[in-house]
Amino acid sequence: MTALHDWTLSPNEAIALQKELAPRIETRDRLGEVKRIAGVDIGFEDEGETTRAAVVLLAWPGLETLEEIVHREPTRMPYIPGLLSFREIPAALNAFERLSQRPDLVMVDGQGIAHPRRLGVASHLGLWLELPTIGIAKSRLCGRHGDVPEKCGDWTPLTHRKEIIGAVLRSREKVKPVFVSPGHRISLDTSIDWVVKCLAGTKLPEPTRRADRLASRRGKAFAHEKRQGELGIGD
DNA sequence: GCGACAG
DNA sequence: ATCTTGTCGC
């Protein structure tokens, strides 16, 4: 298996690797009792030169914060639609290595199997971590879908090549829906169930939302930032 | 051949 | 993704 630090693959090599790995993805539930849920989000700084991975570990139920990790490293690949995981996963894995506890479920910002070759960033990460993962994306990569119900919690299937690859979920009324798809070791129904259970009146489920918030905080000088107003409602 | 295209 | 303040609406 390719070493992580060697993931400087050409687009064609990356696509070949995806085709090789995709068959290993499981969409059958293999979750045990869920006590800890992690949220992951990757961002970029210095005009893309630096990749920043944020991981938040939350307790279930209750969603108290157990751990927060922010890891930075040089970016190694450009953004290419369909090959996002090769750009984001190295940093994400290094952030995960710093966690002292293992999550039972991971929510990732991006697609799971709702990908041209069924290997979106959530699936790819789940395969490497050997953990159940769910992809929650803010926009569509591939597939088609009908009108999305207006009621919070309702959804419509996302289809690609005659296959249901995900759900377009109305996570909050009057707000653009999110694209939920199984990453690894989890089914679509269970994925939707967990995403809905982690919603707190917001568009994004808590794990992903908290990772976003942690990541987008002013890069360098956040050690001196004030702590206040943690109870916002909007998104 | 012509669009579409997660973050 | 990121650059960025205030502002309209529920």
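We name chains A, B, ... by the order of the sequence lines, and we start the count at 1 in each one. FYI, side chains are in, hydrogens and waters are out, and symmetry mates aren't considered; it's all heavy atoms of this structure.
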Heavy atoms only, 4.0 Å cut-off, all strands: where does A:Gln111 land among base, sugar-phosphate and nothing?
base
In residues 180-193 of chain A, which ones come under 4.0 Å of DNA chain B, going by heavy atoms?
none
Would you indicate what A:Gly48 reaches in the nucleic acid, counting non-hydrogen atoms under 4.0 angstrom: base, sugar-phosphate, or nothing?
nothing
If I take atom CD1 in residue A:Ile42 and atom P in nucleotide C:dT2, what distance separates them, rounded to the nearest angstrom?
11 Å
Do A:Arg144 side-chain atoms and A:Leu158 backbone N/O form a donor-acceptor pair below 3.5 Å?
no
Under 4.0 Å, heavy atoms only, any strand: does A:Ile136 hit a base, just the sugar-phosphate, or nothing?
nothing
State whether the side chain of A:Thr75 and the backbone N or O of A:Gly48 hold a donor-acceptor pair below 3.5 Å, judged by distance alone.
yes
4.5 Å side-chain heavy-atom contact, A:Ser171 and A:Val180
no
Apply the test side chain to side chain contact (heavy atoms under 4.5 Å, CB included) to residues A:Ile69 and A:Leu99: give CA-CA distance (whole Å), side-chain angles for both, the deciding distance (0.1 Å), then the verdict.
CA-CA 7 Å; A:Ile69 305 288; A:Leu99 283 179; 3.7 Å; yes
Quick check with a 6.0 Å cut-off and a 45 degree axis cone: is A:Arg102 positioned over the face of A:Phe96's six-membered ring?
no
Check DNA chain B against residues 162-169 of chain A and give the residues with a non-hydrogen atom under 4.0 Å, in numerical order.
none
I'd like to know whether A:Ser100 forms a side-chain hydrogen bond (donor to acceptor under 3.5 Å, both in side chains) with A:Glu67, so could you lay out the CA-CA distance, the side-chain angles of the two residues, the decisive distance to 0.1 Å, and finally the verdict.
CA-CA 8 Å; A:Ser100 61; A:Glu67 286 184 54; 2.6 Å; yes
Main-chain N/O of A:Asp41 paired to A:Asp109 side chain as donor or acceptor, under 3.5 Å:
no
Please walk me through it: do A:Thr51 and A:Glu88 pass side chain to side chain contact (heavy atoms under 4.5 Å, CB included)?
CA-CA 8 Å; A:Thr51 298; A:Glu88 302 193 336; 5.8 Å; no
Could you write out DNA chain B as a dot-bracket string, with dots for unpaired bases, | for bases paired across to another strand, and Watson-Crick or G-U pairs counted at under 3.5 Å?
.......
So, does A:Arg170 use its side chain to make a donor-acceptor pair with the main chain of A:Trp155 at under 3.5 Å?
no
State whether the side chain of A:Asp154 and the backbone N or O of A:Glu150 hold a donor-acceptor pair below 3.5 Å, judged by distance alone.
no
Using only atom types and a distance under 3.5 Å, with no angle test, would you say the side chain of A:His115 pairs donor to acceptor with the backbone of A:Gly82?
yes
Would you grab the first and last nucleotide of DNA chain B (5' to 3') that comes under 4.0 Å of any non-hydrogen atom in chain A?
B:dA4 to B:dG7
Mind checking if A:Phe44 touches a base, just sugar-phosphate, or nothing, with heavy atoms under 4.0 Å?
sugar-phosphate
With distance as the sole test, does A:Gln111 use its side chain to make a donor-acceptor pair with the main-chain N or O of A:Ser139 at under 3.5 Å?
yes
For A:Glu163, enumerate each residue passing the salt bridge (charged side-chain N to carboxylate O under 4.0 Å, His left out) test, keeping only those at least two apart in sequence or located in another chain.
A:Arg118
Ignoring hydrogens and geometry, is there a side-chain-to-backbone donor-acceptor pair from A:Ser123 to A:Gly112 under 3.5 Å?
yes
Keeping A:Arg36 on the side-chain end and A:Trp60 on the backbone end, is there a donor-acceptor pair under 3.5 Å?
no
Residues from residues 137-161 of chain A sitting under 4.0 Å of DNA chain B, heavy atoms only?
A:Ala137, A:Lys138, A:Ser139, A:Arg140, A:Leu141
Base, sugar-phosphate alone, or nothing: which one does A:Gly43 contact when heavy atoms must sit under 4.0 Å apart?
sugar-phosphate
Just by modelled atom types, is the A:Thr190 backbone N or O under 3.5 Å from a matching donor or acceptor in the A:Ser187 side chain?
yes
A:Asp46 atom CG is separated from C:dT2 atom C1', nearest whole Å, by 11 Å
